[in-house]
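Sequential numbering from 1 along the given sequence is applied to the chain's residues.
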Amino acid sequence: MNIVQLFISLLLYFVLFYGISFILNMILKMTWIMAFVYPVIVLWIIGRVSLFDYIASPGESFGILWENIIGISMFDVIILGGGFIGIILAGMTIRYLRKAGYQMF
C-alpha cells in the first residue's frame, strides 16, 4: 500500500464514521454511543465472518477472528484508528453544539 492509498483510506474512514456518529448522536441523543459500538464494528470488519456464523459455529468463527486480529497490518490499524478519531471528534462537536444552545443536537 502506498502513501496515497493510505491517506485516501484514512480520510474516507474518518469522514464515514464522523458522519455516521454525528447522525446517530443527533437521533439518539447519546453522545458516546458510537465509541462503544465501534470496537464491535472493527471486529466485524477484521473477522470477515458473517454474524450468523458467530452464533452457528462460535469456536471456528472466533478462531478465524483471532487469526485475523494477529495478522492485521499497521496500515489497517492506522485506517481503523482514523475512523475512531472521527467518532471522537463527532462526539466533541455534538457536545460543543449542545453547550452553545442548539436544541436540535
Side-chain angles (χ1 to χ4, degrees):
M1 176 177 278
N2 63 27
I3 194 74
V4 174
Q5 290 175 334
L6 176 66
F7 178 73
I8 290 172
S9 299
L10 179 67
L11 186 63
L12 286 174
Y13 264 70
F14 174 81
V15 170
L16 175 75
F17 283 105
Y18 181 90
I20 291 171
S21 180
F22 192 88
I23 290 169
L24 280 178
N25 286 333
M26 281 193 319
I27 292 171
L28 300 176
K29 300 217 182 223
M30 299 173 72
T31 306
W32 301 111
I33 188 73
M34 274 298 289
F36 295 110
V37 174
Y38 187 71
V40 175
I41 294 171
V42 167
L43 291 176
W44 186 41
I45 291 170
I46 292 172
R48 298 184 191 134
V49 177
S50 72
L51 293 177
F52 178 74
D53 289 340
Y54 286 109
I55 297 168
S57 58
E60 182 180 334
S61 299
F62 284 106
I64 293 170
L65 175 64
W66 183 249
E67 289 174 11
N68 289 340
I69 288 173
I70 291 173
I72 194 168
S73 70
M74 185 54 87
F75 294 117
D76 294 330
V77 171
I78 292 170
I79 292 167
L80 293 171
F84 189 69
I85 291 171
I87 288 172
I88 298 299
L89 287 178
M92 292 170 63
T93 303
I94 290 288
R95 286 186 63 143
Y96 171 76
L97 290 172
R98 286 184 185 143
K99 191 181 283 186
Y102 289 95
Q103 297 297 317
M104 185 171 73
F105 304 111

key: Under 3.5 Å donor-acceptor, Ser61 side chain and Asp53 backbone   = yes
Under 3.5 Å donor-acceptor, Asn25 side chain and Ile94 backbone = no
request  = Would you please classify the geometry between the Phe22 ring and the Tyr18 ring as parallel, tilted or perpendicular, with 30° and 60° separating the classes?
outcome  = parallel
State yes or no: do [X] and [Y] share one hydrophobic cluster built from I, L, V, M, F, W and Y residues joined by side-chain heavy-atom distances below 4.5 Å, directly or via other members?
X: Ile27; Y: Met30; answer: yes
X: Leu43; Y: Ile55; answer: no
X: Val40; Y: Ile88; answer: no
X: Leu51; Y: Ile46; answer: yes
X: Phe52; Y: Trp44; answer: no

How long is the gap from [atom1] on [X] to [atom2] on [Y], to the nearest 0.5 Å?
X: Trp32; Y: Tyr38; atom1: CH2; atom2: OH; value: 15.0 Å
X: Met26; Y: Ser21; atom1: CE; atom2: OG; value: 10.5 Å
X: Lys99; Y: Met92; atom1: NZ; atom2: CE; value: 10.5 Å
X: Phe62; Y: Ile69; atom1: CZ; atom2: CD1; value: 10.0 Å

message = How close do Phe36 and Pro39 get, counting heavy atoms only, and between which atoms?
response = O-CD, 3.5 Å
message = If you compare all heavy atoms of Met34 against all heavy atoms of Phe17, which two are closest, and at what distance to 0.1 Å?
response = CE-CD2, 4.1 Å
Donor-acceptor list for residues 1-10 side chains, cut-off 3.5 Å, not counting sequence neighbours:
residue, atom, partner, partner atom, Å
Asn2, OD1, Val4, N, 3.2
Asn2, OD1, Gln5, N, 2.9
Gln5, OE1, Asn2, N, 3.4
Ser9, OG, Gln5, O, 2.9

Taking distance alone, no hydrogens or angles, what donor-acceptor pairs closer than 3.5 Å link side-chain atoms of residues 71-87 to residues at least two apart or in another chain?
residue, atom, partner, partner atom, Å
Ser73, OG, Asp76, N, 3.4
Ser73, OG, Asp76, OD2, 3.3

